[in-house]
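Heads up: the structure comes next, in structure tokens.
These numbers come from a predicted model, not from an experiment.
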Amino acid sequence: MRFEDYSPPASPPQGANPCDDCALRTLEAFLPGTPEERKTIESFRVGSRRVPAGSAIVEEHRPSPFLFTLYAGWAFRYKTLSDGRRQILNFLLPGDFIGLQDEFSEGQTHGVEAVTDTTLCAFSRDRLWELFHAHPKLGYDITWLAAREEKMVDDNLVTAGRRNASERVAMLLMHLYRRAQRVGMERDGWVEFPFNQQHLADALGLSLVHTNKTLRKLQALGLYKLDAGWLRILEPHALETLGDYFERPMRPTPLI
């Protein structure tokens with residue numbers, strides 16, 4: 001499956017206040033923000049970054065002077081054990097705010113890696129308190145985004161601790177599909193799905209062999225289809241039921 005006309009958003013707009021022309025703000029998934037809020041965010045912004053697929057956005061165990069909003073592409077947040085085993089904590093899509101956890105911890109808690117070519121808006125970590133102080137509403141929005149991410153990590157913990165292999169895979173497929181669909185990444189019922197089986201195994205706490213067998217079983221049942229890096233959910237109700245995944249429609253989220 002190929003979509004020749006598919007392309008992610010271009011780099012964030014430039015100019016006096018590019019936040020006013022941000023393509024993400026046109027999506028129903030995000031709050032547009034007031035002119036004053038957008039002006040404050042722009043004053044906090046230090047530019048944009050391009051990070052190619054497979055490269056680090058935030059290096060594990062190394063401090064980063066920046067916070068980021070993912071503007072385009074897919075990424076994931078992870079931790080690695082001393083023997084090299086990796087746990088993917090959550091997957092990141094456009095609009096997600098990156099790096100806040102390290103502001104309130106001792107030492108670097110995680111790394112962030114680009115799965116596809118990504119574009120990010122960068123913000124100075126040193127000015128975070130200034131932002132909270134100057135505009136408490138934006139401080140609340142950042143807190144809200146952090147709480148939403150904590151809920152996702154909670155859901156992942158339930159998946160790893162209580163769901164069986166089929167339930168884990170079903171839940172993750174539906175979760176990623178719904179999130180991609182929500183931020184405008186769906187094309188004719190398909191969403192870009194650039195993950196290999198190792199990514200899924202690292203996210204679900206399964207062996208690579210078990211992940212492969214489970215994916216093949218669910219595909220043979222006609223629940224989903226993967227084709228050249230694109231995912232289509234064929235039986236959404238069946239996958240939701242199997243994964244015990246019933247997300248209520250999310251309200252529009254803040255965009256930093």
Test side chain to side chain contact (heavy atoms under 4.5 Å, CB included) on Arg25 and Phe30 and set out the steps.
CA-CA 6 Å; Arg25 294 187 185 277; Phe30 302 107; 5.7 Å; no
Side-chain heavy atoms nearer than 4.5 Å, only ILVMFWY residues, links allowed to pass through others: does that put Leu157 and Ile88 together?
no
Contact check, side chains of Leu67 and Ile98, non-hydrogen atoms, under 4.5 Å:
no
Is the side chain of Arg232 donor-acceptor paired with the backbone N or O of Asp188 at a distance under 3.5 Å, no angle test?
yes
Looking only at non-hydrogen atoms, find the nearest pair between Thr159 and Met171 and report the distance.
OG1-SD, 3.6 Å
Treating Gln87 as the side-chain partner and Ala203 as the backbone partner, does any N or O pair qualify as donor plus acceptor under 3.5 Å?
yes
Trace of the side chain to side chain contact (heavy atoms under 4.5 Å, CB included) decision for Leu131 with Thr40:
CA-CA 8 Å; Leu131 179 69; Thr40 301; 3.5 Å; yes
Which heavy atom in Pro52 sits nearest to a heavy atom in Ala114, and how many Å separate them?
O-CB, 3.5 Å
Output yes when Arg178 and Glu240 qualify as a salt bridge under the 4.0 Å nitrogen-oxygen rule, no when they do not.
yes
Going by heavy atoms in the side chains, are Asp154 and Glu150 under 4.5 Å from each other?
yes
Applying side-chain hydrogen bond (donor to acceptor under 3.5 Å, both in side chains) as the test, list every pair that has at least one member in residues 127-136; sequence neighbours left out.
Arg127-Glu130
To the nearest 0.5 Å, atom NE2 of His110 lies from atom NE2 of His61 at 11.5 Å
When clusters are formed by joining ILVMFWY residues with side-chain heavy atoms under 4.5 Å apart, either directly or through shared neighbours, do Ile41 and Phe132 land in the same one?
yes
Regarding Glu42 and Arg45, does a basic nitrogen lie under 4.0 Å from an acidic carboxylate oxygen?
yes
Under 6.0 Å between the ring centres of Tyr224 and Tyr177?
no
Hits for salt bridge (Lys or Arg N to Asp or Glu O under 4.0 Å) against Arg182, two or more places apart or cross-chain, chain-then-number order -> none
Are any of the side-chain heavy atoms of Phe91 and Asp96 separated by less than 4.5 Å?
no
Roughly how far, to the nearest 0.5 Å, is CG of Leu138 from CH2 of Trp144?
14.5 Å
Working for side chain to side chain contact (heavy atoms under 4.5 Å, CB included), residues Arg50 and Thr118:
CA-CA 6 Å; Arg50 290 179 179 271; Thr118 58; over 6 Å; no
How about Thr80 and Glu60: do any of their side-chain heavy atoms sit closer than 4.5 Å?
yes
What heavy-atom pair brings Val112 and Ala75 nearest, and what distance separates the two atoms?
CG1-CB, 4.3 Å
Under a 3.5 Å distance rule, please check whether Asn156 uses its side chain to pair with a backbone N or O of Leu89 as donor and acceptor.
yes
To the nearest 0.5 Å, atom CD of Glu36 lies from atom NZ of Lys137 at 11.0 Å
Are the charged groups of Glu113 and Arg77 less than 4.0 angstrom apart, N to O?
no
Any donor and acceptor pair, going by atom type alone, linking the side chain of Arg85 with main-chain N or O of Ser82 inside 3.5 Å?
no
List for me each residue that meets salt bridge (Lys or Arg N to Asp or Glu O under 4.0 Å) alongside Asp155, sequence neighbours excluded, and say none if there are none.
Lys151
Can Glu149 and Phe97 be said to form a side chain to side chain contact (heavy atoms under 4.5 Å, CB included), step by step?
CA-CA 9 Å; Glu149 184 165 340; Phe97 195 56; over 6 Å; no
Could you list the residues that satisfy ring-ring contact (aromatic ring centres under 6.0 Å, His included) with Phe123, not counting sequence neighbours?
Phe44
For residues 206-220, pull every pair meeting salt bridge (charged side-chain N to carboxylate O under 4.0 Å, His left out), keeping only residues two or more places apart or in separate chains.
none
Arg168 side chain to Arg163 backbone, donor-acceptor under 3.5 Å
yes
One should read off an interatomic distance between Thr116 OG1 and Glu192 CD, to the nearest 0.5 angstrom, of 5.5 Å
Is there a donor-acceptor pair under 3.5 Å between the side chain of Asn164 and the backbone N or O of Glu167?
yes
Using ring-ring contact (aromatic ring centres under 6.0 Å, His included) as the criterion, list what pairs up with Phe76, not counting sequence neighbours.
Tyr78, His199
Are Leu218 and Leu242 close enough that some pair of their side-chain heavy atoms sits under 4.5 Å apart?
yes
Heavy-atom donor-acceptor pair, Arg38 side chain to Cys22 backbone, under 3.5 Å
no
Measure from the ring center of Phe195 to the ring center of Trp74 and say whether it is less than 6.0 Å.
yes
As an exercise, state the distance from OG1 of Thr214 to CG of Leu204, rounded to the nearest 0.5 Å.
9.0 Å
For the hydrophobic clusters of this structure (ILVMFWY residues joined by side-chain heavy atoms under 4.5 Å, transitively), does one cluster hold both Leu221 and Met174?
yes
Would you say Lys225 and Trp190 make side-chain contact, with heavy atoms under 4.5 Å?
yes
For residues Ile142 and Ile256, determine if any side-chain heavy atom of one lies less than 4.5 Å from a side-chain heavy atom of the other.
yes
Residues Arg162, Asp244: salt bridge by 4.0 Å N-O rule:
no
Mind checking whether Leu255 and Leu31 have side chains closer than 4.5 Å, heavy atoms only?
no
As an exercise, state the distance from CG of Asp202 to CZ of Arg86, rounded to the nearest 0.5 Å.
4.5 Å
